[in-house]
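Note sheet for the following structure.
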Amino acid sequence: MINTSTEATPTAAPLRRNLGLVQATALNMIDMVGIGPFVTLPLVMGMMGPYFLLAWLVGAGLAIVDGLIWSELGAAYPEAGGSYKFLKLAYGEKKWGRLMSFLYVWQTLVQAPLVVASGAIGFAQYFGYLVPLTVWWQPKMVSGLVVLALIALLYRRIEDIGRLGVMLWVGVLGLMAWLIFGGLTHAEHTVAWLPAGGFSALPGLLLSAAMGQAAVKTVYSYLGYYNVCHLGGEIKNPQRVIPRSIFLSILGIMALYLLLNWSVGTVIPWQEAQHSEFIVSTFVEKLYGPVAAQAATALVLWVAFASLFAVLLGYSRIPYAAAADGEFLPLFAKTHPTKHFPHVSLLILGGLGFVFSLLFRLGEVITAILAMRILVQFVGQAIGLVLLRRRNGAAHLPFRMPLYPLPVIIAVAVWLLIFWSTGPTFMLSGLTVIGTGIIVFLLWSRRRGQWPFAS
């Protein structure tokens with residue numbers, strides 16, 4: 001029998017606000033980089049041909065516009081859980097807000113482990129360059145061990161995690177700087193920024209099916225700029241730190257991605273690069289030899305691990321926030337008695353990530369992650385911001401986006417276009433998760449005698 005009382009919620013001790021701008025930006029950036037650009041770079045080249053850089057610009061543009069929404073909400077409501085809190089407040093805490101926030105937490109129980117699994121699977125793929133994994137169970141063993149190591153490292157105080165995050169961030173910047181320097185000093189081929197017809201041909205290319213498919217991959221590689229909002233209850237001076245960390249991370253990663261892709265394209269023609277499973281390793285091997293390639297591969301693994309570190313950290317706070325509100329299973333509200341972090345939520349999401357890393361393939365996971373999140377989290381949250389502004393006004397907001405409501409309109413339109421680009425199968429999977437979540441919510445609410453069953 002499920003315990004629906006709120007007796008367990010007193011165990012949700014207050015979280016400590018010990019993360020500053022440097023730590024917040026570092027955790028955002030290592031969340032964003034991860035294994036994404038190293039496994040999606042060849043895929044984007046295969047879809048876009050010589051104009052692959054445009055897809056990365058589109059991904060950056062969406063991140064900037066959507067970042068305005070996250071910054072406004074994060075600065076105004078800096079609490080653990082991020083979108084959980086935003087959706088609940090925007091749609092009404094007693095009625096529709098309960099449903100929307102519940103759906104977000106419900107999705108998190110599936111998509112957060114999928115995100116962890118995607119990074120772990122990508123880790124195992126690049127690990128195969130160093131140690132050939134020829135038997136089917138070997139890459140699964142590697143990905144599973146990665147998830148277990150993450151759980152062990154995250155099982156500690158938030159201030160210790162902040163220091164670990166900065167250390168991992170240094171490795172991320174070091175790898176990207178090395179790769180970019182290699183391209184700048186060994187360029188052999190030209191890389192196009194615009195289509196052959198110039199600006200007149202640009203609208204057609206931006207609206208093409210190829211751009212839609214490529215944008216799914218590049219947007220996946222940019223996701224994570226909002227990780228600081230999930231940690232809102234642990235950020236110092238959040239009204240200023242949250243918006244700054246979001247845009248510092250987006251602009252920093254945009255510059256790194258564009259330079260990285262340009263560097264690879266100038267050394268390895270896109271016709272050849274699109275077929276590589278270890279594009280970074282191949283790139284460095286061509287420039288400096290096999291020993292350097294092995295070192296670069298080790299750094300890629302460092303980056304992938306660092307990203308998963310930040311991802312699992314942020315997502316573990318979402319079920320905790322909902323349970324602490326009495327809107328989810330009380331078990332998730334428990335915090336460690338001495339280290340003061342939501343250890344039960346961490347263990348459950350990490351455990352599911354371990355299982356998923358043994359079951360799925362990388363390409364399917366990437367598209368499924370995006371299809372599952374768009375409608376409730378990104379579109380629902382953008383519309384929710386409009387509802388909050390209409391209800392409360394904007395005078396009290398610590399951060400207000402420029403040109404409102406234009407960024408909201410652009411974000412919703414582009415997110416819906418990307419959702420359509422994921423294809424019927426993944427659109428249906430995303431809608432199925434939402435549908436099952438609605439059923440579970442109705443059963444949960446009926447058991448508790450809450451809306452829509454309240455007398």
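- How far NZ of Lys140 is from CG of Leu358: 6.5 Å, rounded to the nearest 0.5 Å.
- Thr282 approaches Ser276 most closely through the heavy-atom pair OG1-OG, 3.3 Å.
- Taken to the nearest 0.5 Å, the OG atom of Ser316 stands 9.5 Å off from the CG atom of Leu347.
- By the salt bridge (charged side-chain N to carboxylate O under 4.0 Å, His left out) test, Arg98 pairs with Glu327, sequence neighbours left out.
- Side chains of Leu397 and Arg389 form a contact here, defined as non-hydrogen atoms less than 4.5 Å apart.
- From Tyr257, atom OH reaches atom OG of Ser221 across 5.0 Å, with rounding to the nearest 0.5 Å.
- For the pair Thr25 (side chain) and Val22 (backbone), a donor-acceptor distance under 3.5 Å is absent.
- In this structure a side-chain-to-backbone donor-acceptor pair under 3.5 Å is present from Gln125 to Glu277.
- Of all the heavy atoms in Ser421 and Gln213, the pair that sits closest is O-NE2, 2.7 Å.
- We find the OH-CG distance between Tyr315 and Leu114 to be 10.0 Å, quoted to the nearest 0.5 Å.
- Side chain of Thr218 to backbone of Ala55: a donor-acceptor contact under 3.5 angstrom is found.
- Using a 4.5 Å cut-off on side-chain heavy atoms (C-beta onward), Ile318 and Leu349 make no contact.
- When the shell of 6.0 Å around CH2 of Trp193 is examined, it contains more than 12 heavy atoms from other residues, nucleotides or ligands.
- At least one side-chain heavy atom of Phe127 sits under 4.5 Å from a side-chain heavy atom of Leu301.
- Around atom CZ of Arg390, no more than 12 heavy atoms belonging to other residues, nucleotides or ligands sit under 6.0 Å away.
- Taking CD1 of Ile69 as the reference point, atom OH of Tyr404 lies at 9.5 Å (rounded to 0.5 Å).
- Within a 6.0 Å sphere centred on CH2 of Trp178, other residues, nucleotides and ligands contribute more than 12 heavy atoms.
- A donor-acceptor pair under 3.5 Å links the side-chain atoms of His343 to the main chain of His336, judged by distance alone.
- Between Ile348 and Phe332, the closest side-chain pair of non-hydrogen atoms falls below 4.5 Å.
- Considering only heavy atoms from C-beta on, Leu153 comes within 4.5 Å of Phe305 through its side chain.
- The only member of Val191, Leu179, Ile279 that meets side chain to side chain contact (heavy atoms under 4.5 Å, CB included) when paired with Val264 is Ile279.
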**OP:** Evaluate the side-chain contact (heavy atoms from CB on, under 4.5 Å) criterion for residues Asp325 and Glu93: first the C-alpha distance (whole Å), next the side-chain angles of each, then the deciding distance (0.1 Å), finally the verdict.
**Re:** CA-CA 11 Å; Asp325 260 0; Glu93 295 185 72; 5.8 Å; no
Do any side-chain atoms of residues 407-419 form donor-acceptor pairs under 3.5 angstrom with protein atoms, and if so which ones, sequence neighbours left out?
unit_1	atom_1	unit_2	atom_2	d
Trp415	NE1	Asp66	OD1	3.4

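- Judged by distance alone, with hydrogens and angles left aside, the side-chain atoms of Ser71 form no donor-acceptor pair with the main-chain N or O of Leu68 at under 3.5 Å.
- Between Lys217 and the choices Val39, Leu370, Val44, the side chain to side chain contact (heavy atoms under 4.5 Å, CB included) rule is met once, by Val44.
- When the options Arg17, Gln23, Glu79, Arg317 are evaluated for a side chain to side chain contact (heavy atoms under 4.5 Å, CB included) with Leu231, the one that passes is Arg317.
- Looking at Leu53 and Met48, their side chains never come closer than 4.5 Å, going by heavy atoms from C-beta outward.
- Cys229 approaches Trp70 most closely through the heavy-atom pair SG-CE3, 3.6 Å.
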**OP:** In sequence, state the C-alpha distance, the side-chain angles, and the governing distance for His230 and Asn227, and then conclude on side-chain contact (heavy atoms from CB on, under 4.5 Å).
**Re:** CA-CA 5 Å; His230 300 326; Asn227 189 47; 4.0 Å; yes
Anything under 3.5 Å between a donor and an acceptor, one on a side chain of residues 379-386, the other on a protein residue two or more places apart or in another chain? List them.
unit_1	atom_1	unit_2	atom_2	d
Gln381	OE1	Ser83	OG	2.5

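- Judged by distance alone, with hydrogens and angles left aside, the side-chain atoms of Glu72 form a donor-acceptor pair with the main-chain N or O of Met401 at under 3.5 Å.
- Side-chain atoms of Gln377 and Thr108, non-hydrogen and from C-beta on, never get closer than 4.5 Å to each other.
- Here the straight-line distance linking atom CH2 of Trp444 with atom CZ of Phe328 works out to 7.5 Å at 0.5 Å rounding.
- Closest non-hydrogen pair, Ile235 versus Ala24, comes out as CD1-CB, 4.2 Å.
- A donor-acceptor pair under 3.5 Å links the side-chain atoms of Asn28 to the main chain of Val228, judged by distance alone.
- Using a 4.5 Å cut-off on side-chain heavy atoms (C-beta onward), Tyr84 and Lys88 make contact.
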Original post:
Does the pair Leu62 and Val58 meet the rule for a side-chain contact (heavy atoms from CB on, under 4.5 Å), with working shown?
Top reply: CA-CA 6 Å; Leu62 178 57; Val58 168; 5.7 Å; no
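- Between the side chain of Tyr222 and the backbone N or O of Trp56, at least one donor-acceptor pair lies under 3.5 Å.
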Original post:
Where do Tyr126 and Val280 land on the side-chain contact (heavy atoms from CB on, under 4.5 Å) test, with the steps shown first?
Top reply: CA-CA 9 Å; Tyr126 262 87; Val280 171; 3.9 Å; yes
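- Of all the heavy atoms in Ala333 and Ala324, the pair that sits closest is CB-N, 3.7 Å.
- The two residues Arg244 and Leu21 make their nearest non-hydrogen contact at CB-CD1, 3.9 Å.
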